[in-house]
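Down below is the structure, laid out as structure tokens.
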Amino acid sequence: MNLSDKALRRLTLAAAVVFLVLAAVGCTGLLWYDEQFSAVLARHSWGELISLTAQDVHPPLYYLILKALCMLPDALWPGLYTVCCQVVSLLAYAGALLAAGLWGGRLFGARTGLLAVVCLGCMPSVMDYATEARMYSWGLLFVLLGALCAVEWLHAPRPVWAVGTGLFAAASLYTHYWAGAAAGMCLFCLAVLALVRRQPRRCAGLLAAGVGALILFAPWVPVLLTQMGGTASEGETVPLSLYLIRGYLEFLFSSGWGPLTLLNLLAIAAGVAAFGLRGRADGPAAEGLALAAAAGLTLLVGMAAQQLLHPTRVIFQGRYLVPALGLLWLGVAALWGRCLPRALAAGVLVICLACGAMNTAELWAEAGQERTEYARLTQALAAVEPGEPVLADNYYRAAFAACYLPDSPIVGLSGEWEFRIRMFGLQTEGEEDCRWLICGSWIPQEKMDPLGLIPAGEGTSFTAKEDEYRFLPLKPAQP
């Protein structure tokens, strides 16, 4: 049965809504450390937010968006603040689904739009970060919007498309540095395609958009250089190997290395091969190949940067690739939709849906566990009176306390950098007045003994993602 373009667009919109509802299950309110960091930072004043971001390792745009969108909900429903932080990421994911499906469908064909939505809705590397209170969903959206503006420029070189390309590339840079890298790779690949097509004006327009983005980003460059030379935790060297590459492939396609991962790789290879047999440099499929190639280049540059610049410091990891995945899946969908026969395209759709079914089942199981943990967490924290000080044994637990107990002073049990003291509002004295402790599974009794404090009960243990916490009451060792 052949569906009309109008029917395919309706099906695309319906699929986007379904995938958005499925992803919304992840808005449980339970945050792990990086998400807690985002939530706490967004509660600072605008100037303090910029200052603290400059001392971290990321640019500020996501945190500004988070603060702007969460200020009113936090004032009206403070108990739902952490859920609101996750919903902000879900909004960006919704925008990415609609942009890929509807705008991408208009540029590459309705069948391509449907395939792109299914890919973005089914692949775990996108699903897992759709509701995470971090900048990855917003990076995905900005990179994708910039790519669509750039393709529009190739089709019809109007100033609005060049300006849009540059603005979204700058937004990508200000959201996450590797989102900016993905935007740059996209402009490079499309500019090369314009040269292959002998369209120098279009090539020059894309390069001018990239230069404009760099000019807009120039005020933050000194901060970036400072961040690159700053203090960071170090670990074991991770050599470039087939095992490491396999890890990136597992991140992209499934939670484990299995038949679905291999089928996805074969499907992508089939799309590239079909372009080699049937595609043309002046056709939409060539633009799809350029977008997919930009995502691949981002991965290669990231792995090279990790190995060459600082092998023992985290410069590039799997989740930093998320902003480039809109390019990958829209590009691959264009290859499938434009070059594969309908029967093979339908088979690819089945593979993606099977991958999505498996990952959705895992996501829902994790969300159910998180809701249970969140209920236990809120019940335990309800015993803390507003303004009652809480003792935290390290900055991980201080982030947790600052996130979920914003009205309580947080006293650090161990010395921390001044950045963390400012970030989490830590107090450096008054430990003996605390009647609550937030720690890990192990109670730091040797640190509490000099303070004359002992546990007054077993407390409550819970897990946020992979972070373990224990919340328990304290009492003086000697009445």
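Since the model is a prediction, treat every value here as computed from it, not as a measurement.
- Across all non-hydrogen atoms, the minimal contact from L327 to A147 is CD2-CB, 3.4 Å.
- Between W178 and F316, the angle of the ring planes goes over 60°, which puts this pair in the perpendicular group of the 30/60° scheme.
- Relative orientation of the H176 and H58 rings is tilted, given thresholds of 30° and 60° on the angle between their planes.
- Within 6.0 Å of CD in E446 there are more than 12 heavy atoms belonging to other residues, nucleotides or ligands.
- The two residues V83 and G29 make their nearest non-hydrogen contact at CG2-CA, 3.6 Å.
- Under the ring pair (Phe, Tyr, Trp, His ring centres under 6.0 Å) rule, F462 has a single partner from F471, F400, Y404, which is F400.
- When side chains are defined from C-beta on, Y136 does not count as touching S89, because their heavy atoms never get closer than 4.5 Å.
- For E132, there are no salt bridge (charged side-chain N to carboxylate O under 4.0 Å, His left out) partners, not counting sequence neighbours.
- The two residues D393 and P444 come nearest to each other via the heavy atoms CB-CG, 3.8 Å.
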Item to complete: Check step by step if side chain to side chain contact (heavy atoms under 4.5 Å, CB included) holds for C186 and T165.
Response: CA-CA 10 Å; C186 176; T165 301; over 6 Å; no
Worksheet item: Passes salt bridge (charged side-chain N to carboxylate O under 4.0 Å, His left out), E468 versus R397? Steps please.
Response: CA-CA 9 Å; E468 294 184 354; R397 261 69 81 174; over 6 Å; no
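- Within 6.0 Å of CD in Q379 there are 12 or fewer heavy atoms belonging to other residues, nucleotides or ligands.
- Side-chain contact of Y129 with R319: a donor-acceptor pair under 3.5 Å is absent, judged by distance alone.
- Residue pairs meeting the side-chain hydrogen bond (donor to acceptor under 3.5 Å, both in side chains) criterion with at least one member in residues 36-49, sequence neighbours excluded, are Q36-Y469, S38-R134, R43-D74, E48-R422.
- Taking F188 as the reference, nothing meets the ring-ring contact (aromatic ring centres under 6.0 Å, His included) condition, with sequence neighbours excluded.
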Fill in: CA sep, side-chain torsions, deciding dist, call: L214, L173, side chain to side chain contact (heavy atoms under 4.5 Å, CB included)
CA-CA 9 Å; L214 292 176; L173 274 167; 4.3 Å; yes
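- Ring pair Y174/F217 is perpendicular by interplanar angle, where above 60° counts as perpendicular and below 30° as parallel.
- The two atoms that bring L140 and G326 nearest to each other are CD1-N, 3.1 Å, heavy atoms only.
- When all heavy atoms are compared, the tightest approach of L49 to K67 is CD1-CD, 3.9 Å.
- Q445 contributes a side-chain N or O that, together with a main-chain N or O of L453, makes up a donor-acceptor pair within less than 3.5 Å.
- What you find for L141 and G95 is that their closest heavy atoms are CD1-C, 3.5 Å.
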